[in-house]
Amino acid sequence: MQDLDGQNGKKLLYSLIGIEAVTHSFNENRPVAVFPDYTLIIISEGEGWVEAGNSRFPLEKGTGFLFEAGEVHRLQAGEKAMGYHRITFEIIGSGSSGQWGAERLPKNGSLQPGPLSCKPYSQCALLLEAICHSRRSPEEIGEFAGLIRFQELLLLIMRANAPELKTRDEHEAVQRSIRYMQEHYNEDISVGRLAEIAGVGRTRYTRMFKEMTGQIPVEHLNRMRIERAQQQLLLTRDRLHDIAQAVGYSNEYYFNRRFKSLVGVTPGQYRSLHQEGVRVFAPFLEDYLLALGIVPVAQFSHAQWGKQEYLGLPQVPAFDISTGNWQELFRYMPELIMLDDGFQRWHLDECREIAPLLRLPFHQEDWRATLRSAAVVFGRTDRVREVIGNYEQQAKRARQKLDRCMRDRSVACLRISSCGITLYGSGELGYTAGVLHRDLGLRPHPLVQRLTRGQKRVGLTHEELSQLTADHLFITFDRQEGEGRELLDTELWSRLPAVRSGCVYEVDFLAWMNYGVLSHQRKIEDVLRVLA
């Protein structure tokens with residue numbers, strides 16, 4: 001079953017009922033039929049048409065049709081027989097009471113009754129075959145595998161028929177194939193299949209791919225697989241053979257050769273890098289290292305942002321990542337370079353010329369998970385519980401103080417630059433919400449809740465800023481985009497209630513625009529200093 005958000009936050013489950021391969025021959029008098037359940041047909045050969053309501057829709061290989069439960073229809077083959085798979089399923093939803101019951105397809109959902117594209121058909125065919133095979137299995141695990149493949153099939157069809165995909169240009173279509181590669185890197189992926197996913201001819205696809213990534217598809221796939229292998233080598237104790245299999249290499253010798261050509265050392269040598277005392281450079285991740293008691297050989301800095309002063313590392317040399325001068329980094333002799341998801345923006349993957357890279361699984365708002373991953377790499381897992389416990393105690397004490405003085409007072413956080421004004425959210429997303437509103441219990445202004453629902457941050461118009469009547473404002477300036485301090489001299493700014501009452505507090509940019517535990521502790525200290 002697939003769990004998706006329906007309308008109004010309702011949870012929907014798409015549950016497979018049955019699947020069968022069907023062959024229809026031409027029949028001029030084919031009777032009208034009614035499917036009692038939601039029914040999806042995917043054409044595998046031949047052609048024909050379906051009549052639903054007052055409309056007729058052509059069918060051919062690679063197309064499909066979704067029938068509403070109880071819908072009247074007539075399905076007809078052409079002069080040659082038409083083969084297709086017929087899949088029935090039901091929809092179960094949870095109501096406001098939390099109980100589950102039968103549901104209908106939401107009108108604005110990702111899956112709608114009517115004609116569907118089922119491309120790339122080669123991938124659909126493989127999933128259909130796997131579902132049929134699993135349904136015949138007498139074992140529970142086989143049946144469960146069929147349910148999983150059904151979810152993959154639905155996901156493929158939803159993506160192929162998403163409205164925004166129908167108008168995308170070729171560049172965006174290639175990006176879609178890259179996302180597919182990221183999700184299926186451990187499978188047997190051919191350039192032909194990727195080109196089919198993008199809907200672009202193979203030769204043109206390869207040329208566009210190289211223009212966009214600097215690599216041909218096979219090189220990009222190999223680099224992606226080796227990157228995942230690096231994570232598993234340092235985050236698990238799995239055998240090299242098992243890791244090779246997990247990332248898509250059936251031959252361990254070929255895996256070792258590929259790994260060394262891209263990383264510069266063998267998988268076994270790379271794994272030894274987690275030993276105590278390794279010299280590490282970890283731009284944007286220094287917060288986690290220090291929390292674990294590890295001092296990097298260099299700290300990142302930026303020409304406009306500066307360095308993370310809140311970490312208190314005056315003795316550690318700073319390396320300006322905006323220069324791209326990797327030979328300068330070589331002076332500090334790092335043995336491992338650890339990166340997060342932001343590495344592409346700064347072209348930090350070029351650091352592989354200096355030392356082996358590790359792209360750490362980065363969980364953004366879940367800083368505890370990121371901390372645990374870093375602890376495994378450096379053998380410091382015994383420190384994690386203490387670090388998290390100290391933070392939670394600090395947050396608990398701060399919340400008790402703030403509860404006494406901030407009962408009905410609202411807060412908001414703004415990031416200001418010459419490019420505009422950004423409002424940070426109030427849910428679980430973004431740099432500030434988890435600390436301000438969840439851990440400290442500060443009440444978000446209603447405008448924050450309304451504009452940022454489900455988003456980390458949103459840009460504010462001047463009209464929306466005028467409606468931000470929060471009692472307290474935390475502001476920070478992004479020097480990379482130009483600080484935009486001229487906003488503070490405008491009449492619009494001076495009319496805000498927090499400005500009039502002197503309750504606007506400027507905070508350190510790099511300390512607040514960060515997910516690390518030390519960053520969050522700094523946020524708590526800043527809040528207590530001005531509000532408690």
Side-chain angles (χ1 to χ4, degrees), residues 2 4 14-24 35 37-52 55-69 71 73 75-78 80-91 105 109-135 146-168 172-174 176-177 179-181 183-184 187-190 192-202 205:
Q2 183 175 16
L4 298 173
Y14 294 72
S15 179
L16 177 65
I17 296 176
I19 182 172
E20 60 178 327
V22 180
T23 300
H24 268 176
F35 287 138
D37 301 299
Y38 283 102
T39 301
L40 170 66
I41 64 170
I42 298 176
I43 310 305
S44 56
E45 61 180 346
E47 59 183 24
W49 50 264
V50 61
E51 190 175 282
S55 300
R56 177 179 288 195
F57 303 93
L59 298 172
E60 61 181 5
K61 183 177 179 178
T63 65
F65 200 93
L66 176 60
F67 298 97
E68 186 101 38
E71 185 176 85
H73 75 280
L75 188 62
Q76 179 63 280
K80 296 181 179 180
M82 180 175 67
Y84 60 89
H85 281 85
R86 182 167 61 207
I87 304 155
T88 54
F89 63 94
E90 61 182 339
I91 304 173
L105 281 169
S110 303
L111 201 60
Q112 294 295 302
L116 297 170
S117 170
C118 300
K119 295 182 178 178
Y121 177 73
S122 58
Q123 189 181 351
C124 275
L126 289 174
L127 290 170
L128 288 166
E129 182 181 349
I131 295 170
C132 291
H133 177 76
S134 298
R135 296 286 287 185
L147 297 176
I148 298 300
R149 296 294 174 263
F150 173 60
Q151 315 312 318
E152 293 182 15
L153 178 67
L154 280 186
L155 179 60
L156 179 68
I157 292 174
M158 287 178 181
R159 285 178 169 169
N161 293 276
E164 65 270 17
L165 296 183
K166 295 179 181 178
T167 58
R168 286 182 176 172
E172 291 171 323
V174 174
R176 186 164 72 250
S177 74
R179 288 194 293 273
Y180 174 85
M181 188 187 293
E183 295 172 0
H184 300 269
E187 300 176 7
D188 185 14
I189 302 176
S190 67
R193 181 188 293 186
L194 293 171
E196 187 179 2
I197 291 170
V200 179
R202 177 170 176 155
Y205 173 81

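- Partners of Phe67 according to the ring-ring contact (aromatic ring centres under 6.0 Å, His included) rule, which considers only residues two or more places apart in sequence or in another chain, are Phe35, Phe65, His73.
- Rounding to the nearest 0.5 Å gives a distance of 4.0 Å between CZ of Arg86 and CD of Glu20.
- Counting only distance, with no hydrogens or angles, the side chain of Thr63 and the backbone of Leu59 share no donor-acceptor pair below 3.5 Å.
- If you take CG on Leu127 and CD on Gln151, they are separated by 11.0 Å, rounding to the nearest 0.5 Å.
- Every residue was checked against the salt bridge (Lys or Arg N to Asp or Glu O under 4.0 Å) condition with Glu196, not counting sequence neighbours, and none meets it.
- For Ile148, the side-chain contact (heavy atoms from CB on, under 4.5 Å) partners two or more places apart in sequence, or in a different chain, are Phe144, Glu152.
- Annotation: side chain to side chain donor-acceptor pair (under 3.5 Å) contacts of Arg56 (sequence neighbours excluded): none.
- With values rounded to the nearest 0.5 angstrom, Leu126 atom CG is found 9.5 Å from Tyr121 atom OH.
- The salt bridge (Lys or Arg N to Asp or Glu O under 4.0 Å) check on Glu187 picks up nothing, with sequence neighbours excluded.
- Once rounded to the nearest 0.5 Å, the distance linking CD1 of Ile42 with CD1 of Ile157 reads 4.0 Å.
- Not a single salt bridge (Lys or Arg N to Asp or Glu O under 4.0 Å) links Arg135 to another residue, sequence neighbours left out.
- For the atom pair Leu154 CG and Ile87 CD1, the distance stands at 8.0 Å (nearest 0.5 Å).
- Residue Arg202 comes nearest to Gly192 through the heavy atom pair NH1-N, 4.0 Å, listed as atom of the first residue, atom of the second, then distance.
- By the side-chain contact (heavy atoms from CB on, under 4.5 Å) test, Ala21 pairs with His85, sequence neighbours left out.
- Residues satisfying the side-chain contact (heavy atoms from CB on, under 4.5 Å) criterion with Glu183, sequence neighbours excluded, are Arg159.
- Residues Ile197 and Tyr205 fail the side-chain proximity criterion, which asks for heavy atoms closer than 4.5 Å.
- Rounded to the nearest 0.5 angstrom, Leu75 CG and His24 NE2 are separated by 5.5 Å.
- In this structure, the side chains of Leu111 and Leu40 stay at 4.5 Å or more apart for every pair of heavy atoms.
- In this structure His184 satisfies the ring-ring contact (aromatic ring centres under 6.0 Å, His included) test together with Tyr180, sequence neighbours excluded.
- Between Leu66 and Gln112, the shortest heavy-atom distance links the atoms CD2-O, 3.5 Å.
- Applying the side-chain contact (heavy atoms from CB on, under 4.5 Å) test to Glu90 and every residue at least two apart in sequence or in another chain returns Ser15, Ile17, Ile92.
- Residues passing the side chain to side chain donor-acceptor pair (under 3.5 Å) test with Glu51, sequence neighbours excluded: Arg74.
- Within the structure, side-chain hydrogen bond (donor to acceptor under 3.5 Å, both in side chains) pairs that include any residue of residues 38-48 comprise Tyr38-Glu68 (at least two apart or interchain).
- Pairing each heavy atom of Cys118 with each of Cys124, the nearest pair is O-SG, 3.5 Å.
- Under a 3.5 Å cut-off, the side chain of Asn161 and the backbone N or O of Ser117 do form a donor-acceptor pair.
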